[in-house]
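This report refers to the structure that appears directly beneath it.
A note on names: the letters A, B, ... follow the listed sequences, proteins ahead of strands, and every chain is numbered from 1.
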Amino acid sequence: MLDIQLLRSDLEGTVARLARRGHRFPVEEFSTLETERKLLQTRTQELQARRNTLSRQIGHAKGRSEDASAIMAEADGLGHDIGQVESRLERIQAELQHILLQTPNLPHVSVPVGKSEADNRAVRSWGTPRVFEFAAKDHVSLGESLGLLDFSTAAKLSGARFSLMTGALARLHRALAQFMLDTHTNEHGYVEAYVPYLVNAESLLGTGQLPKFKEDLFEIPRRQEGGGRGFSPEDARSGADDGNLYLIPTAEVPLSNIVRDRIVPHESLPLRLTAHTPCFRSEAGSYGRDTRGMIRQHQFDKVELVQLVHPRQSYEALEILTGHAEKILQKLGLPYRVMELCTADMGFSATKTYDIEVWLPGQDAYREISSCSNCEAFQARRMQARFRNEKGRPELLHTLNGSGLAIGRTLVAILENFQNADGSVSIPEALQPHMGGMDRLRGKA
RNA sequence: GGAGAGAUGGCCGAGUGGUCGAAGGCGCUCCCCUGCUAAGGGAGUAUAGGCUCAAAAGGCUUAUCGAGGGUUCGAAUCCCUCUCUCUCCGCCA
């Protein structure tokens with residue numbers, strides 16, 4: 001969420017910055033609401049102040065057993081007015097809040113302005129894509145011919161966009177998670193966390209997935225239809241949280257929300273947290289894309305990196321965090337490049353994002369395997385996540401998150417990059433200790 | 001799932017309709033005193049807003065005692081709903 005003060009003090013400039021990322025801010029509506037808000041709020045507070053004064057007088061008078069009926073009569077009349085003005089103010093503020101919640105973060109000045117992902121800027125690359133002396137297969141045919149990857153059975157169990165791995169491949173998947181967690185905790189200073197996979201609406205609001213991206217989430221109804229109490233019309237009307245839970249689309253949600261509604265001492269910063277979790281995405285609106293294979297699934301595992309830092313340090317932290325994700329690919333020996341996303345391609349909450357794209361021989365392309373973002377105070381403001389600064393004042397934290405890495409896609413990259421002419425797949429040395437010394441995936445036969 | 005108890009400031013804890021943003025204690029900060037240490041004395045110590053101000057400072061003001069609603073001139077206090085915590089029973093990985 002943007003600081004509303006920014007919109008009040010520099011509406012034009014802020015709107016222009018939002019336009020850089022293709023967001024059209026409802027200027028007219030906002031200005032009208034804001035004018036009205038100011039009027040109503042002042043009026044409300046005047047009336048409330050008057051009521052407080054009168055009530056206090058009544059109290060004093062009664063304490064001295066004097067007659068207070070005249071004062072009470074005036075106060076009685078006030079009540080009605082206050083109720084009216086208050087409810088109008090509430091409505092206006094809810095509308096302002098609605099606009100604010102739909103407004104994305106401001107891109108950092110260094111971010112290239114663009115219209116699509118084609119305008120992303122390559123920052124650096126590492127490793128050289130391997131030249132195959134045979135026809136390279138993609139991970140689907142590799143995995144299926146090894147007999148370790150089975151999409152049709154997954155479809156039977158659950159439907160499209162799920163996968164089933166067995167045997168050494170399932171183990172490799174587990175090994176990757178262990179390897180990534182070990183690296184981040186032992187070498188990069190992260191604290192490992194085990195987090196809930198179901199979170200409430202408030203948490204999703206905090207990190208920015210709600211209210212705008214509800215259709216991308218899997219929602220778990222909490223109350224039974226029929227037998228239970230069911231949704232009352234009042235719930236719907238109040239717009240209140242219905243208590244439903246959502247499957248996490250990323251561990252960023254539970255990890256970042258750890259500091260929601262908290263004020264942490266500045267000495268404890270930066271906080272570095274990591275977790276291995278499954279992630280669930282309904283991928284509404286991506287129907288035609290990546291239908292083959294494990295690239296885009298409703299369920300995938302990921303090791304997530306989250307940092308909560310002093311505002312002064314967030315851009316430095318973004319570079320470091322991105323480096324932590326890169327380190328995994330380097331250890332595995334997977335070629336990649338780092339892209340700086342342009343304004344059009346960045347996520348809702350980010351001011352600046354680096355995508356790490358791994359080389360996939362099966363697609364003859366670099367594909368996203370990690371996305372590392374600085375959100376500055378955007379999420380922190382929604383979460384009321386603060387620290388006590390050097391002057392002893394509470395101040396909003398800056399939040400960062402990045403994949404370190406998406407496990408399914410890393411698995412795909414390993415299959416495709418380390419395949420051999422005979423259809424077997426070599427296991428990167430770094431993973432072998434986690435695989436009981438196994439150095440190659442072979443077919444069952 | 002059943003029965004009961006509870007949720008107050010950084011912490012402990014008082015407060016059952018008014019003068020309460022909230023006693024008291026602990027902690028913390030500053031000052032005084034004491035040649036060190038200990039003890040003692042004094043002052044201060046929530047958060048988010050609004051208006052004012054060129055800005056800072058300041059001033060005025062509102063809201064917040066788990067959350068939401070209600071009663072009332074007035075709610076931490078009374079009523080309703082919800083959430084969470086604890087205890088006991090049942091069930092269970």
Side-chain angles (χ1 to χ4, degrees), chain A residues 1-10 33-94 96-97 100 194 196-203 205-206 221-224 227-245 257-268 377 380-397:
Chain A
M1 194 157 63
L2 296 185
D3 186 355
I4 195 165
Q5 303 292 358
L6 200 60
L7 289 159
R8 285 181 189 145
S9 61
D10 181 19
L33 287 168
E34 179 55 19
T35 308
E36 202 164 346
R37 186 229 101 222
K38 193 163 167 175
L39 213 74
L40 283 171
Q41 184 161 356
T42 310
R43 181 80 188 124
T44 302
Q45 295 189 354
E46 279 169 8
L47 291 172
Q48 285 170 335
R50 178 71 186 149
R51 179 185 63 192
N52 289 346
T53 307
L54 291 176
S55 293
R56 224 168 288 134
Q57 284 175 5
I58 295 169
H60 282 292
K62 292 218 166 170
R64 294 189 301 260
S65 358
E66 294 169 5
D67 174 48
S69 55
I71 313 172
M72 282 176 71
E74 183 186 348
D76 203 8
L78 262 182
H80 179 72
D81 295 350
I82 290 179
Q84 279 208 323
V85 182
E86 269 178 344
S87 68
R88 277 174 62 198
L89 176 64
E90 237 169 79
R91 212 165 48 238
I92 298 292
Q93 291 199 310
L96 281 167
Q97 180 77 356
L100 233 49
Y194 171 84
Y197 301 158
L198 289 164
V199 294
N200 56 31
E202 218 180 330
S203 295
L205 197 82
R222 218 177 198 189
R223 291 169 183 148
Q224 301 293 319
R229 179 175 157 269
F231 296 100
S232 76
E234 269 157 42
D235 294 337
R237 211 175 314 121
S238 67
D241 178 0
D242 53 18
N244 281 357
L245 294 172
N257 274 279
I258 289 173
V259 289
R260 169 150 57 87
D261 294 321
R262 286 224 311 231
I263 303 174
V264 302
H266 69 267
E267 296 89 354
S268 69
R381 189 170 292 109
R382 289 169 164 241
M383 294 192 290
Q384 282 304 300
R386 294 170 291 173
F387 69 103
R388 200 167 288 283
N389 67 20
E390 296 82 345
K391 290 183 198 132
R393 307 300 308 166
E395 192 179 333
L396 293 169
L397 288 162

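A/N200 is listed as a side-chain neighbour of A/L245, based on a closest heavy-atom distance under 4.5 Å. In this structure the side chain of A/R260 never reaches within 4.5 angstrom of the side chain of A/R382, judged on heavy atoms.
With rounding to the nearest 0.5 Å, the separation of CG in A/D3 from CG in A/L396 is 8.0 Å. From A/L40, atom CG reaches atom CG of A/L47 across 10.5 Å, with rounding to the nearest 0.5 Å. Taking CD of A/E86 as the start and CD of A/Q45 as the end, the distance is 10.5 Å to the nearest 0.5 Å.
Where A/R56 and A/E395 meet RNA chain B, the nucleotide closest to each residue was compared, and A/R56 sits on the side nearer the 5' end. Each of A/A49 and A/E90 was matched to the nucleotide of RNA chain B holding its nearest heavy atom; the match closer to the 5' end belongs to A/A49.
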- Residues A/S55, A/N52; criterion side-chain hydrogen bond (donor to acceptor under 3.5 Å, both in side chains); working and verdict: CA-CA 5 Å; A/S55 293; A/N52 289 346; 5.7 Å; no
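In a base pair of the Watson-Crick type (N1 to N3 plus N6-O4 or O6-N4) or a G-U wobble (N1-O2 and O6-N3), with each distance short of 3.5 Å, B/A7 is matched with B/U83. With both pairing distances under 3.5 Å, B/C36 is matched to nothing as a Watson-Crick or G-U wobble pair. Across all strands shown, B/C92 remains unpaired; no Watson-Crick or G-U wobble contact has both distances below 3.5 Å. B/G27 is paired with B/U45 under the Watson-Crick or G-U wobble criterion, all donor-acceptor distances under 3.5 Å. Checking B/G58 for Watson-Crick or G-U wobble geometry (two distances, each under 3.5 Å) identifies B/U52 as its partner. Applying the Watson-Crick and G-U wobble criteria (two distances, each under 3.5 Å), B/C65 pairs with nothing in any strand. Across all strands shown, B/G18 pairs with B/C73; the Watson-Crick or G-U wobble distances both stay below 3.5 Å.
Across all strands, A/I58 comes closer than 4.0 Å to base atoms (heavy-atom distances).
When the nucleotides B/C51, B/U47, B/C73 are ranked by their closest atom to the side chain of A/T42, B/C51 comes out on top. Taking every side-chain heavy atom of A/H60 into account, B/U19 is the closest of B/G18, B/U19, B/G50. In this structure, the nucleotide among B/U52, B/A48, B/G74 sitting nearest to the side chain of A/P394 is B/A48. When each of B/U47, B/G49, B/C51 is scored by its nearest atom to the side-chain atoms of A/R37, the top-ranked nucleotide is B/C51. Checking B/U19, B/G74, B/A48 against the side-chain heavy atoms of A/R386 singles out B/A48 as nearest. Of the listed nucleotides (B/A48, B/C73, B/G49), B/A48 has the atom at the smallest distance from the side chain of A/Q384. Checking B/G49, B/A48, B/U62 against the side-chain heavy atoms of A/Q48 singles out B/U62 as nearest. Of the candidates B/U47, B/C73, B/U61, B/U47 carries the atom nearest the A/R393 side chain, counting heavy atoms from C-beta on.
Here A/R50 does not reach the OP1 or OP2 of B/G74: none of its side-chain N or O atoms lies under 4.0 Å away. Contact annotation: A/R8 side-chain N/O to B/G49 OP1/OP2 distance is not under 4.0 Å. The shortest distance between the side-chain N/O atoms of A/N52 and the OP1/OP2 oxygens of B/G74 is not below 4.0 Å. Contact annotation: A/R43 does not reach the phosphate of B/C51 (side-chain N/O to OP1 or OP2, under 4.0 Å).
Across the C1' atoms, B/A38 and B/A48 are found 42 Å apart, a figure rounded to whole Å. Spacing between B/G41 and B/U85 at atom C1', rounded to whole Å, works out to 41 Å. Between B/G10 and B/A22, the two P atoms lie 15 Å apart (nearest whole Å). For the P atoms, the distance linking B/A57 with B/A5 amounts to 50 Å, nearest Å. B/G66 and B/C12 have their P atoms separated by 14 Å, given to the nearest Å. Here, B/A23 and B/U8 have their P atoms 16 Å apart, quoted to the whole Å. Annotation: B/C79 and B/G59 have their P atoms spaced 40 Å apart (nearest Å). Comparing the P positions of B/A76 and B/G69 gives an interatomic distance of 14 Å, to the nearest angstrom.
In this structure, A/Q41 places its CD atom 16 Å from P of B/A48, rounding to the nearest Å. Atom CD in A/Q93 sits roughly 16 Å away from atom P in B/U62 (whole-Å rounding). Atom CD in A/E34 sits about 14 Å away from atom P in B/G49, given to the nearest Å. Between A/E36 atom CD and B/C51 atom P the separation is 15 Å, expressed in whole Å. In this structure, the CG atom of A/D261 is 20 Å from the P atom of B/A7, given to the nearest Å. Rounded to whole angstrom, the span from the CG atom of A/N200 across to the P atom of B/C82 amounts to 18 Å. Remark: P of B/A48 and CZ of A/R262 are 17 Å apart, rounded to the nearest angstrom. One interatomic measurement links the two molecules: CZ of A/F387 to P of B/U47, which rounds to 14 Å at whole-angstrom precision.
The base of B/G49 does not come close enough to the side chain of A/Q5 for any donor and acceptor atom to sit less than 3.5 Å apart.
More than 12 heavy atoms of other residues, nucleotides or ligands sit less than 6.0 Å from atom CZ of A/R51.
A/L89 approaches A/R37 most closely through the heavy-atom pair CD1-O, 3.9 Å.
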